[in-house]
Amino acid sequence: MISSAFQSGLSGIAAGMNGVSRNAAEIASSAQMNGTATRDVSAPLVEQTQNVRLAESSTKVVAAADGMIGTLIDEFA
């Protein structure tokens with residue numbers, strides 16, 4: 001169960017970081033700069049914030065799983 005939580009946290013961090021990278025590329029694209037983008041710049045900016053929150057919350061999941069592993073080791077040691 002702990003490894004599942006740890007894996008979920010790592011997957012969330014990866015997804016958040018991929019989203020941040022994707023949104024940053026869209027925000028900085030030449031299409032945004034010359035006004036030919038298919039989406040307004042506000043959409044990737046909002047998604048950027050969502051992806052940052054995903055990575056932050058997933059980091060907390062990993063930290064909690066790590067804490068549980070430490071507690072289990074302390075109990076059995």
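No donor-acceptor distance shorter than 3.5 angstrom exists from the side chain of S21 to the backbone of N18, with no hydrogens or angles considered. A donor-acceptor contact shorter than 3.5 Å is absent between the side chain of S58 and the backbone of A55.
Here L45 contributes atom CG and D40 contributes atom CG; the two are 8.5 Å apart, rounded to the nearest 0.5 Å. Note that CZ of R53 is 11.0 Å distant from CD of Q48, once rounded to the nearest 0.5 Å.
The cluster map of Ile, Leu, Val, Met, Phe, Trp and Tyr, joined by side-chain heavy atoms under 4.5 Å apart, puts V62 and M17 in the same cluster. Residues I13 and V20 do not share a hydrophobic cluster, clusters being chains of Ile/Leu/Val/Met/Phe/Trp/Tyr side chains in contact below 4.5 Å.
Using a 4.5 Å cut-off on side-chain heavy atoms (C-beta onward), R39 and E47 make contact. For the pair I27/Q32, no side-chain contact is recorded, criterion being any heavy-atom separation below 4.5 Å from C-beta on.
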